[in-house]
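Below is one structure, written out as structure tokens; the observations come after it.
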Protein chains: 2
Amino acid sequence: MSENVGRWLRDEIENAILSSEFVPGERLDETVLANRFGVSRTPVREALMQLDAIGLIEIRPRRGAVVIDPGPHRIYEMFEVMAELEGLAGSLAARRLDKTSRDAITASHSRCEQSAGAGDSDAYYYDNEEFHKAIYAASRSDFLQEQCVQLHRRLRPYRRLQLRVRNRLSTSFLEHCAIVDAIFAGNGDEARRLLRTHVGIQGERFSDLVASMAAR
Amino acid sequence: MSENVGRWLRDEIENAILSSEFVPGERLDETVLANRFGVSRTPVREALMQLDAIGLIEIRPRRGAVVIDPGPHRIYEMFEVMAELEGLAGSLAARRLDKTSRDAITASHSRCEQSAGAGDSDAYYYDNEEFHKAIYAASRSDFLQEQCVQLHRRLRPYRRLQLRVRNRLSTSFLEHCAIVDAIFAGNGDEARRLLRTHVGIQGERFSDLVASMAAR
DNA sequence: AATGCCATTCTTGTATACACAAACATTGAC
DNA sequence: GTCAATGTTTGTGTATACAAGAATGGCATT
């Protein structure tokens, strides 16, 4: 538990939303949450305000707080921005690569290879996250890294859905290989291009996403 | 005044920070702010929590809230990300341009021409903002637009400093012309490239920034 | 004279209480 | 029978009070 009840609650509720325990559109009642976490209403309100400021929930006066439902179109837009930011991270990483970052990328990349080879989509989901985070870190831009991590978190539930799609595991890993090659070769433009298409959701992948969202 | 005191205060304090009334490093005392705005401490805390969640201030447990001092390096990183996002907005705008957006861009562009011609850097500062917002809107991506506006707001004070630099007004306007041409020609890649260099701060412009920050 | 410890004060953090607004239901009138 | 108005209940919004922790200053001791 964090040093501060409000902040702890914020993280707790944020995780509950990102892990789909609280689904989009769901009403978040202050007293219910207060009872559930064994605190008074005040820190709950503080946490909700912060989540509202971040954009995860919406507090409408006298209507209560509800989890924001982004909808397929907005999800697409978010992936579009994510692709752009990851592309930038990749191109910076290619230029600024040092040994530490290189080792981190190599390590997470080979973990991806293992879980992809085993067809373990849950393990790959986790290793993939580490791989991308290693690239953010390699960009050597703290701000960019923070932005990427934040967006990555918000897109997490949908990314998980995507991995369920047939053959996506091996395709994803092959793309990783090319990305690693480009970064290690110092080819920033190529790394950017590859990451943009790797992260973005074009054509059929968008309909896969919509379909899996609807199936939920 | 907004429908909600906490939210109103958040905007109020945010503006005070972005207009450099509260400078980086400054301590924000809850009771002082409460007295100043004629409200109790509770809504002030709510506002501060939200600003903390956004990343404008930092609340350290039992140490109070201070305005975050980004420092030159982080400012540079923020401009770097901004350049990337604006590039994306420009490339999408070039692809998706419709009459409404085209008119909005043309209108704000000619206002820039007037204020640049008159050498009125304060007017240009405002018109320039509208010009860039018109491009965000033309991207037809709500999420991208929101991200751009938010970052634009946070970088506002530094952008203002930059415009003071000699000849920057006319240079900036010439760049705008090329950007408009590329977007209207439907040349997304060119619009992206031009916006990236227009917004980013390379070489001497970075030292200009650092110098003007130090002079403050 | 310097350093360490204790106490006091200030500030944040949490909870409770009170007030206001909105929505829904019930009753009365047309 | 239907519509409107009023009252009650529920839930949000704000403020105040109380508690806990951290920092600073002073005093005492070495």
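Proteins come first, then strands; the chains are lettered A, B, ... in the order of their sequence lines, and each starts at number 1. Side chains are part of it too, since the values below use all heavy atoms of this structure and drop only hydrogens, waters and symmetry mates.
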How many Å lie between CD on B:E46 and C1' on C:dT12, as a whole number? 15 Å

Whole-Å distance, A:M49 CE to D:dG13 C1', equals 8 Å

Does C:dT16 have OP1 or OP2 sitting under 4.0 Å from an N or O in the side chain of A:R41? no

Can you find an N or O donor on one side and an acceptor on the other, under 3.5 Å apart, linking the side chain of B:T31 with the base of C:dT11? no

Can you find a side-chain donor-acceptor pair between A:Y136 and A:E146 that sits under 3.5 Å? no

Figure out the CZ/C1' separation between B:R10 and D:dG13, and round it to whole Å. 16 Å

Choose from D:dT14, C:dG13, D:dA15 the nucleotide whose nearest atom is closest to any side-chain atom of B:P61. C:dG13

Salt bridge or not for A:E84 and B:R192, using N-O below 4.0 Å? yes

Between A:D52 (CG) and D:dG13 (C1'), how many Å, whole number? 15 Å

It should be established whether A:S40 places a side-chain nitrogen or oxygen under 4.0 Å from OP1 or OP2 of nucleotide C:dA15. yes

Note: A:D11-A:R7 ion pair, threshold 4.0 Å (strictly below): no

Taking only Lys NZ, Arg NE, NH1 and NH2, and the carboxylate oxygens of Asp or Glu, determine whether B:R140 and A:E77 approach each other closer than 4.0 Å. no

Among D:dA22, D:dT14, C:dT11, the nucleotide that comes nearest once only the side chain of B:R27 is considered: C:dT11

May I ask you to say what B:R45 touches in the nucleic acid, namely base, sugar-phosphate or nothing, with a heavy-atom cut-off under 4.0 Å? base

In whole angstrom, give the distance that lies between atom CZ of A:R60 and atom P of C:dA22. 15 Å

Separation of C:dT11 P from B:E30 CD (nearest whole Å): 10 Å

Rounded to whole Å, please give me the gap between CD1 in B:I57 and P in C:dT12. 11 Å

Quick one: do B:E129 and B:R159 make a salt bridge, cutoff under 4.0 Å? no

Whole angstrom is fine here: how far is it from CG in A:D29 over to C1' in D:dG11? 8 Å

